[in-house]
Number of protein chains: 2
Amino acid sequence: MTDRRSQIVDAAAHLISHQGYASTSVEDVIRESRLSGKSHFYHYFKSKEELGYAVLNRQFERFAERGLAILREPMIDPLERLVLFIDTLVALQVARGCTGGSFFGTLAAELADAHEGFRKRIEVVFARWSAQLQSLLWEARPQLHDEVDTGRLARFVIATLEGAMLVARVDRDADALRAIAYDLKRFVAMHVREPAVVLGAGAGGGVGAASVIPAPPAAPPAAPRDASPDLAVMSARG
Amino acid sequence: MTDRRSQIVDAAAHLISHQGYASTSVEDVIRESRLSGKSHFYHYFKSKEELGYAVLNRQFERFAERGLAILREPMIDPLERLVLFIDTLVALQVARGCTGGSFFGTLAAELADAHEGFRKRIEVVFARWSAQLQSLLWEARPQLHDEVDTGRLARFVIATLEGAMLVARVDRDADALRAIAYDLKRFVAMHVREPAVVLGAGAGGGVGAASVIPAPPAAPPAAPRDASPDLAVMSARG
DNA sequence: TGACGTTAGGACCGATCGGTCCTAATATTG
DNA sequence: CAATATTAGGACCGATCGGTCCTAACGTCA
């Protein structure tokens, strides 16, 4: 039934997350999802754009079911759920070798300025995500300091997670992703009356956080004094 | 001389930052930079890829001269320089109507997985940026708590700024960008012995930060209890 | 004067793009 | 059985892609 259609959507999602929307051709999708030809594809989608929307819908569906659902778990303390959510995102990213990044972030970077239809849909994604975080923080309000702006904190969490996935993707560095995620928890803990709920029993909200991620022995930075405003001396084939 | 060449590079930078690399054709660049034809373009660049590298080099050059230079200003307190750097980035982004985002982040999202040459170059960009931040934090060490891992803090700042520009671009929301930037300063202030150096005289490192960005009156979140795992009911033309 | 780098403009190439159309075999379900 | 949806496979379309080639008019400086 819709089996074939969702198979196409999944194949397209995989291709788009690595190549981008524009650089993923309909023929790529046909090949990846083992369709017989173009007419086979256009039997399920009337255009590439419709496929793109379907992929975006499906990816948000998965994210809502497997990601945002964690934020709603009724039996776990809200702040613990937030920590679990962050750790789950990180684990997923690491399992992918830090490639792919956030599907929404990747698509947003490519299409936010050029394609209003996609931009608005991704805006909804972030809004739903933000609302879910905000709901959790509202639930955790008794544990939070009084002045905490839950909406703002929610958006900060999203921005940092998106940025973390982006830079970890460029550096292919799982440790960098983990470090940023842990620092993000420290930022959240800053708003909590009892930071140990977020950070674990180890460090009581201190600044160092050496208890979890070992810091390299302090050494002076590698001298970017001259600033070297030039990228290259890369022989054109890095 | 090289006047024409850099004119081409600037035009291409503008197009790429809004349309992406793949969706920016050589003919687009020719039109935008008012060249007479293809041969005119290929007189300056041997391929589109070479143009892409030139654009990336040029953009980093600008970023180093106008952005990273702030981090090196010798007459200003290092932490004040960091605040100034963040504010400058935000102001630039707001001036662009929150479009374009970070050129490096945009290009990274599109090409990090698919084009190793670009990925490595962007990796260098982030490394230089990180090194410059780390150098500043090292200089500010007397004002920092003892356990601060300057390298990790530097990468966190970059990730959050990149993520902030991304989500602000999707939402076209300058206030969201400003709010995240301010929260980022609060995170940095968390590592400083005297937070007022970073946050200004108003709030002494408190959690609320209501002194600068007014929080909306506390209201229960707009009920994402059902989670609605569906994006759509957008009529395909949002 | 001549040489040379730049500007100008167009024809052209093979490849790929998104998309249409057509025929026919194969399942599925009433 | 028949009706219908799915699978299969290919020809084909106009448009655009990155890139090459060619000719000719320029400006500048030796």
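Fair warning: this is a prediction, and the values are worked out from it, not measured in the lab. Each chain gets a letter, A, B and so on, in the order its sequence line appears, and its residues count up from 1.
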Quick check: do B/Lys48 and B/Tyr21 have side-chain heavy atoms less than 4.5 Å from each other? yes

Grab the NE2-P distance between B/His43 and C/dG5 for me, whole Å please. 8 Å

Taking the side chain as every heavy atom from C-beta outward, state whether A/Leu166 and B/Leu166 have any pair of such atoms under 4.5 Å apart. no

4.5 Å side-chain heavy-atom contact, B/Glu162 and B/Trp129: yes

Show every salt bridge (charged side-chain N to carboxylate O under 4.0 Å, His left out) that has at least one partner inside residues 95-110 of chain A, sequence neighbours left out. none

Taken to the nearest whole Å, CD1/B/Ile30 to C1'/C/dG9 is 11 Å

What integer distance in Å separates B/Asp3:CG from C/dG5:P? 18 Å

Take atom CD of A/Gln19 and atom P of C/dT16, then tell me their distance rounded to the nearest Å. 14 Å

Please examine the side chains of B/Val124 and B/Phe60, heavy atoms only from C-beta on, and report whether any two atoms are closer than 4.5 Å. no

Does B/Thr106 form a side-chain hydrogen bond (donor to acceptor under 3.5 Å, both in side chains) with B/Ser17? I'd like the steps, not just the answer. CA-CA 7 Å; B/Thr106 301; B/Ser17 71; over 6 Å; no

Between CZ of A/Arg4 and C1' of D/dT6 the distance, given in whole Å, is 9 Å

Let me know the distance between CZ of A/Arg5 and C1' of D/dT7, rounded to the nearest Å. 17 Å

For the pair made of NE2 in A/His40 and P in C/dA24, what is the distance, rounded to whole Å? 19 Å

Summary of protein contacts for nucleotides 17-23 of chain D, nucleotide by nucleotide, where a base hit scores B, a sugar-phosphate-only hit scores S (4.0 Å, heavy atoms): SBBBBB-

